[in-house]
Amino acid sequence: MSSIHPSAVIEEGARIGADCTIGPFCVVGAQAVLGDRVELKSHVVIAGDTEVGEDTVIFPFAVIGEIPQDLKFRGEHSKLVVGKRNRIREHVTMNAGTEGGGGVTRVGDDGLFMAGAHIAHDAQIGDRVIVVNNAAIAGHCVLEDDVIVGGLSGIHQWVRIGKGAIIGAVTMVTNDVIPYGLVQAPRGHLDGLNLVGLKRRGVKRSDITALRAAFQMLAQGEGTFQDRARRLGDETESDYVREIVAFVLGDSDRSFLTPGG
């Protein structure tokens, strides 16, 4: 039932779902699994042990599932799992995982990965994530749901970016970012909250007010950043603030971008 252009190369063993469209000069490797209604526009490479979820569209010259750009990689088995309904634009690269990172790179559902974006080995990308043109997500990063990464930005390896945060264009992020945070400047600073994103999602005014108050407490309260977060957890009734508290108190291999620093 799928439409496959005569010039496409589908290696023996590849599994192609129903009603897929595979355009000219695409290459689909032997271990690839394409869900129903996946569309490969043209000149797309699907390599390695890679799963692509249903209704995902991949544009020309994207390379999905190739081996990681990691000198420690020695050919061990690893994979890439891409969720449903993603839009993966021209020249995007998404790499498989490594043994040291758990072996799997994961991309959630309903994402938009604009031209030239890079998702490195062992990254864990949530749902509805937008990575703008030529932004790069390094190895082992975690981007929670609804994160936006601006164009030409770089996320350092092992960094976590919390749910609903936004990273401005041309920004280097070297430390964890709290949920709903706003980060900008060449060396990223936590300058506030992603108020535009919160309003677009229909978050109640009372929760936005609670988030504003929480941000001020994190910025100006007594004690360490983690101490302030613990006090927030004891005092707040907002689920959104509790997400920030859980994120700050969770396991991390890096420190945090803190308000004003």
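Below, each value reflects all heavy atoms present in this structure, side chains not excepted, and no hydrogens, waters or symmetry copies.
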Test your reading of the model: is there a side-chain donor-acceptor pair from [X] to the backbone of [Y], 3.5 Å cut-off?
| X | Y | result |
| --- | --- | --- |
| S2 | I22 | no |
| S255 | D176 | no |
| D146 | K163 | no |
| R187 | Q184 | no |
| N86 | G111 | yes |
| E243 | V241 | no |
| N134 | L152 | no |
| R254 | T174 | yes |
| R228 | G223 | yes |
| E90 | A115 | no |

Give, for atom [atom1] of [X] and atom [atom2] of [Y], the distance between the pair rounded to the nearest 0.5 Å.
| X | Y | atom1 | atom2 | result |
| --- | --- | --- | --- | --- |
| I46 | E51 | CD1 | CD | 12.0 Å |
| R106 | L80 | CZ | CG | 10.0 Å |
| T171 | I155 | OG1 | CD1 | 8.0 Å |

Exercise for the section: State whether the number of non-hydrogen atoms from other residues, nucleotides or ligands found under 6.0 Å of R201 atom CZ is greater than 12. Expected result: yes
Handout entry: Heavy atoms of other groups near E99 CD, more than 12 under 6.0 Å
Key = no
Exercise for the section: Determine the interplanar angle of the F256 and F247 rings, folded into 0 to 90°, and report it as parallel if under 30°, tilted if 30 to 60°, perpendicular if over 60°. Expected result: perpendicular
Practice task
Could you check whether the rings of W158 and H140 sit parallel, tilted or perpendicular, using 30° and 60° as the cut-offs?
Solution key: parallel
Handout entry: Under 3.5 Å side-chain donor-acceptor pair for N95 and E66
Key = no
Handout entry: Criterion side-chain contact (heavy atoms from CB on, under 4.5 Å) against F113, the qualifying member of I130, V107, I58, I64
Key = V107
Completion exercise
Tested for side chain to side chain donor-acceptor pair (under 3.5 Å) against D55, the lone hit among R37, R85, R87 is R37
Problem - Among T105, D70, D122, side chain to side chain donor-acceptor pair (under 3.5 Å) partner for T98 - result: D122
